[in-house]
Amino acid sequence: MSEYIIEEDRLKLLLYTLGNLALTLLLMLVCIYFANTRFYLGVFLGVTGIWYSVKYMFRYGKKLVRHTPVCEFHKHELVIHSLPRGSVTMQYRKIKEVRLLRDWKSVKLFFSSDEVTHPSGWNYVGVIWPFRRSGLDALEADVSRVLAGHRLTVQKTEKGKR
């Protein structure tokens, strides 16, 4: 049972997916043009661009279709879905430090623990809501409340204007 779930900005996911689809189609046309003019370096660069745009198109599209949240706060652990290598579960009792960085369109959470495999020692949760900015204040308060319920203090840093 989840105590709190941070959802993705679905409009952002839709626009990123459609943008990468348009980029893929444009790069296909560029590759066709360069293949006809026998400029094979351009074809190679176009195919490389297609690979990346398809990769990110499917990554954002999968999150959109499956309604994958950014992260979930459960009773005993935190599940981070936004990491590129899959979901990571962190036990609240093993979290050493929590930092929150806030700017005009996002709330970024950093969790430090001995179980973190990233070289920086922090797991990152980026809640980027360019089209739902008005809900970021409530989100920040809810996250602080949930973490306070598990005896974790949040160090807050603000960046830029809102």
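Just so it is clear, the values below take in all heavy atoms, side chains as well, and ignore hydrogens, waters and symmetry mates.
In this structure, L100 CG and Q155 CD are separated by 10.5 Å, a value rounded to the nearest 0.5 Å. I50 CD1 to L26 CG: the interatomic distance, rounded to the nearest 0.5 Å, is 9.5 Å. Remark: H67 NE2 to L13 CG distance equals 10.5 Å, nearest 0.5 Å. Going from atom CG of L15 over to atom CG of D9 covers 8.5 Å, rounded to the nearest 0.5 Å. Expressed to the nearest 0.5 Å, how far OH of Y16 lies from CG of N20 amounts to 10.0 Å. To the nearest 0.5 Å, atom CG of residue L14 and atom NZ of residue K63 are 14.5 Å apart.
Between D137 and R102, at least one side-chain nitrogen of the basic residue sits less than 4.0 Å from a carboxylate oxygen of the acidic one, meeting the salt-bridge criterion. Contact check on K94 versus D114 returns no salt bridge, with no Lys/Arg side-chain nitrogen under 4.0 Å from an Asp/Glu carboxylate oxygen. With respect to E97 and R99, a salt bridge is recorded, a charged nitrogen being found less than 4.0 Å from a carboxylate O.
Between L27 and W51, the closest side-chain pair of non-hydrogen atoms is not below 4.5 Å. Between C71 and L78 the shortest side-chain heavy-atom distance falls below 4.5 Å. Side-chain contact between I5 and V70 is absent, with no heavy atoms from C-beta onward closer than 4.5 Å. In this structure, K108 and V125 have side chains that are not in contact, with every pair of non-hydrogen atoms separated by 4.5 Å or more. Taking the side chain as every heavy atom from C-beta outward, Y56 and L23 never approach each other to under 4.5 Å. A 4.5 Å side-chain heavy-atom check between K12 and W129 finds every atom pair outside the cut-off. Counting only heavy atoms from C-beta outward, the side chains of Y52 and V54 never approach each other to under 4.5 Å. Proximity of K156 to E140: side-chain heavy atoms (C-beta onward) are separated by under 4.5 Å at one or more points.
Using a distance-only test at 3.5 Å, with no hydrogens or angles considered, no donor-acceptor pair links the side chain of H150 to the main chain of L152. Checked by atom type and distance alone, the side chain of T68 never pairs as donor or acceptor with a backbone atom of L64 at under 3.5 Å. Between the side chain of T37 and the main chain of F34, a donor-acceptor pair closer than 3.5 Å is present. Distance alone, capped at 3.5 Å, is enough to place a donor-acceptor pair between the Y92 side chain and the H74 backbone. Between the S113 side chain and the I95 main chain, no donor and acceptor come within less than 3.5 Å of each other.
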**Message:** Run L139 and I6 through side-chain contact (heavy atoms from CB on, under 4.5 Å) and show every step you take.
**Reply:** CA-CA 8 Å; L139 174 97; I6 301 176; 3.7 Å; yes
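By the rule that hydrophobic residues join a cluster once side-chain heavy atoms approach within less than 4.5 Å of another member, M28 and L45 end up as members of separate clusters. In the hydrophobic clustering of this structure, V107 groups with V154; members are Ile, Leu, Val, Met, Phe, Trp, Tyr whose side-chain heavy atoms approach within less than 4.5 Å, directly or through other members. Residues V146 and V79 do not share a hydrophobic cluster, clusters being chains of Ile/Leu/Val/Met/Phe/Trp/Tyr side chains in contact below 4.5 Å. By the rule that hydrophobic residues join a cluster once side-chain heavy atoms approach within less than 4.5 Å of another member, I32 and L25 end up as members of separate clusters. Put simply, Y33 and L41 are part of the same group of oily side chains (I, L, V, M, F, W, Y) that touch within less than 4.5 Å, one to the next.
The minimum heavy-atom distance linking P69 with H81 is given by the pair O-CB, 3.1 Å. When all heavy atoms of L136 and V127 are compared, the closest pair comes out as CD2-O, 4.4 Å. Heavy atoms only, all atoms of each residue included: G121 and V116 are closest at C-CG1, 3.6 Å. Closest approach of T17 to G61, counting heavy atoms only: OG1-N, 3.3 Å. The two residues I128 and Y124 make their nearest non-hydrogen contact at CD1-OH, 4.4 Å.
F131 CZ: more than 12 foreign heavy atoms inside a 6.0 Å radius.
With 3.5 Å as the limit, one finds no donor-acceptor pair spanning the side chains of Q91 and H76.
No option in N123, V98, L101 other than L101 meets the side-chain contact (heavy atoms from CB on, under 4.5 Å) test with F110.
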